[in-house]
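Inspection log for the structure reproduced underneath, given as structure tokens.
So you know, we letter chains A, B, ... as the sequences are listed, proteins then strands, and number each from 1. In this text the structure is predicted, and so the values were computed from the model without any measurement.
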Amino acid sequence: MATELRLNLPLEQPYNLAETLYSGQAFRWSTIQSLEEESIYEGIIYGRRITLCQEKKNILVTAYPTRENPLSESELRGLINSYLRINDDLEGFYKRTASDEYLQSSIKTYRGLHLLKQEPWECLVAFICSANNNIPRIRLLMDRISAACGPVINDTKGLYNSFPDAKSIALLGESGLRDLGLGFRAKYVNHAAQIVSQQQLNLKKLIGSPYLEAYESLISIRGVGDKVANCVMLFSLDQDNSFPVDVWIRRVLREEYVPKEETVRDVGLREWAQKKFGMDSGYVNQYLFQKRRLETNV
DNA sequence: ATCGAACCTCCAAT
DNA sequence: AATTGGAGGTTCG
């Protein structure tokens with residue numbers, strides 16, 4: 001009887017696990033052990049509880065198999081490689097942006113910061129919840145939704161709730177979601193849950209699809225505008241040329257990039273950046289966001 | 001077309 | 001101790 005599955009992932013590219021897990025793209029990671037250099041993070045990836053720990057050029061992975069759903073080492077390896085985007089060519093990205101002073105400064109501080117590849121449905125709900133909210137509250141809402149109707153998983157470490165599918169959330173309905181504290185977002189999450197569970201929208205089909213196709217599908221959902229659509233595309237649909245413009249990105253673009261006279265609104269800023277950065281847009285966004293949010297006040 | 005105001009809830013700052 | 005302001009946005013008028 002296997003109790004847990006351990007894996008050592010050697011890194012060939014820079015990776016900064018701590019910055020990556022807490023860079024505002026994923027909301028259900030927690031630090032379960034905090035040591036001087038090597039902290040242990042616990043989260044749920046594709047329904048499975050995982051702990052991660054980085055030591056220099058390795059990431060240590062632990063998975064806790066369930067009786068009904070065992071996991072092989074190679075499956076786990078694939079899972080983590082995909083989620084953490086281990087093989088992204090960051091060095092290449094750093095080189096291509098070598099002449100960009102602001103980016104280089106961010107890269108210097110947050111070297112190894114990665115985009116994550118999350119599950120589309122969970123990602124969509126999280127970013128609908130992000131509207132006019134702060135990160136601790138987004139986290140709280142995601143936890144409450146999971147506790148309310150997420151499947152209970154019993155692995156070798158104990159019990160936990162993984163994130164519910166669209167059908168389960170649709171069953172909660174708008175009022176159920178309001179009771180969890182979603183506020184005006186309840187209507188939107190419910191609507192999304194309805195159309196996804198009724199298969200009027202297949203999020204997985206948008207993975208790697210043409211940008212506009214994914215974009216149009218997503219903004220047809222109530223509560224999903226330009227920013228949220230781009231977040232979902234960037235963090236779960238392999239749309240690396242996405243460029244979500246939030247308050248921090250708006251500031252840094254206005255301060256450092258776009259000429260002062262130009263009075264462009266958010267969509268204009270996004271298109272401007274996408275034209276400039278192309279397929280690097282997503283990574284550029286993440287590095288700009290991290291620096292501007294963490295280092296400068298309003 | 002464009003521009004504010006309103007939207008739920010919670011928590012931190014008066 | 002009660003009140004106000006505001007948070008990674010979107011929709012509606």
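The outermost nucleotides of DNA chain B lying under 4.0 Å from heavy atoms of chain A, listed 5' to 3', are dT2(B) to dC10(B).
Rounded to whole angstrom, the span from the CZ atom of Arg251(A) across to the C1' atom of dG8(C) amounts to 10 Å. For Ile219(A) and dG9(C), the CD1 to C1' distance is 14 Å, given to the nearest whole Å. In this entry the distance linking CZ of Phe127(A) with C1' of dT10(C) reads 15 Å, nearest Å. Between Leu294(A) atom CG and dG8(C) atom C1' there is a gap of 12 Å when expressed in whole angstrom units. Regarding Leu124(A), its CG atom lies at a distance of 12 Å from the P atom of dT10(C), rounded to whole Å. Taking atom CD1 on Ile128(A) and atom P on dT10(C), their separation rounds to 10 Å, with Å as the unit. Taking atom CG on Leu269(A) and atom P on dG8(C), their separation rounds to 18 Å, with Å as the unit. Rounded to an integer number of Å, the gap from Asn285(A) CG to dG8(C) C1' is 11 Å.
The residues Glu75(A) and Arg77(A) are annotated as not salt-bridged, no charged nitrogen and carboxylate oxygen being separated by less than 4.0 angstrom. With salt bridges taken as basic N to acidic carboxylate O contacts below 4.0 Å, one links Glu295(A) and Lys291(A). Under the 4.0 Å criterion applied to side-chain N and carboxylate O atoms, Glu271(A) and Lys275(A) are not assigned as salt-bridge partners. Look at Glu42(A) and Arg49(A) and you find a salt bridge, because one of the NZ, NE, NH1 or NH2 atoms lies within 4.0 Å of a carboxylate O, short of that distance.
Both geometric conditions, a ring-centre gap below 5.5 Å and a plane tilt below 30°, are fulfilled for Phe289(A) over the base of dG8(C).
dC8(B) and dG13(C) are spaced 13 Å apart, taking the P atom of each and rounding to whole Å. One C1' atom belongs to dA5(B), the other to dG5(C), and the distance between them is 16 Å to the nearest Å. dT11(C) and dC10(B) have their P atoms separated by 23 Å, given to the nearest Å. Comparing the P positions of dA13(B) and dG8(C) gives an interatomic distance of 14 Å, to the nearest angstrom.
In this structure, Arg292(A) contributes its side chain and Arg250(A) its backbone to no donor-acceptor pair below 3.5 Å. A donor-acceptor pair is defined here as one N or O able to donate and one able to accept, closer than 3.5 Å; such a pair exists between the side chain of His114(A) and the backbone of Arg85(A). Panel note: side chain Arg48(A), backbone Leu71(A); no donor-acceptor pair is recorded below 3.5 Å.
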Legend entry - Pairing annotation in dot-bracket form, given for DNA chain B with Watson-Crick or G-U pairs under 3.5 Å and | for cross-strand partners: ..|||||.||||||
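Ring centroid separation for the pair Phe127(A) and Phe235(A) comes in under the 6.0 Å cut-off.
Residue pairs meeting the side-chain hydrogen bond (donor to acceptor under 3.5 Å, both in side chains) criterion with at least one member in residues 116-125 of chain A, sequence neighbours excluded, are Lys117(A)-Asp238(A).
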Legend entry - Audit row: Tyr283(A), Phe277(A), ring-ring contact (aromatic ring centres under 6.0 Å, His included) steps and yes/no: CA-CA 9 Å; Tyr283(A) 264 106; Phe277(A) 298 113; over 10 Å; no
Legend entry - Audit row: Gln290(A), Ser106(A), side chain to side chain donor-acceptor pair (under 3.5 Å) steps and yes/no: CA-CA 8 Å; Gln290(A) 195 81 341; Ser106(A) 178; over 6 Å; no
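Across all strands shown, Arg185(A) has heavy atoms under 4.0 Å from base atoms, whether or not it also approaches the sugar-phosphate.
For Glu91(A), the side chain to side chain donor-acceptor pair (under 3.5 Å) partners are Arg111(A), not counting sequence neighbours.
Positionally, the nearest nucleotide of DNA chain B for Arg265(A) lies more toward the 5' end than for the other of Arg265(A) and Phe184(A).
Test Ile45(A), Leu21(A), Ile138(A), Ile44(A) against Arg28(A) for side-chain contact (heavy atoms from CB on, under 4.5 Å) and you get one pass: Ile44(A).
Within residues 221-241 of chain A, the residues approached by DNA chain C to less than 4.0 Å at the level of any non-hydrogen atom are Ile221(A), Arg222(A), Gly223(A), Val224(A), Gly225(A), Asp226(A), Lys227(A), Val228(A), in residue-number order. Within a heavy-atom distance below 4.0 Å of DNA chain B, the residues of residues 133-147 of chain A found are Arg137(A), Arg144(A).
Figure legend: Arg270(A) and Tyr215(A) shown as a cation-pi pair, the cationic atom lying under 6.0 angstrom from the six-membered ring centre and within 45 degrees of its axis.
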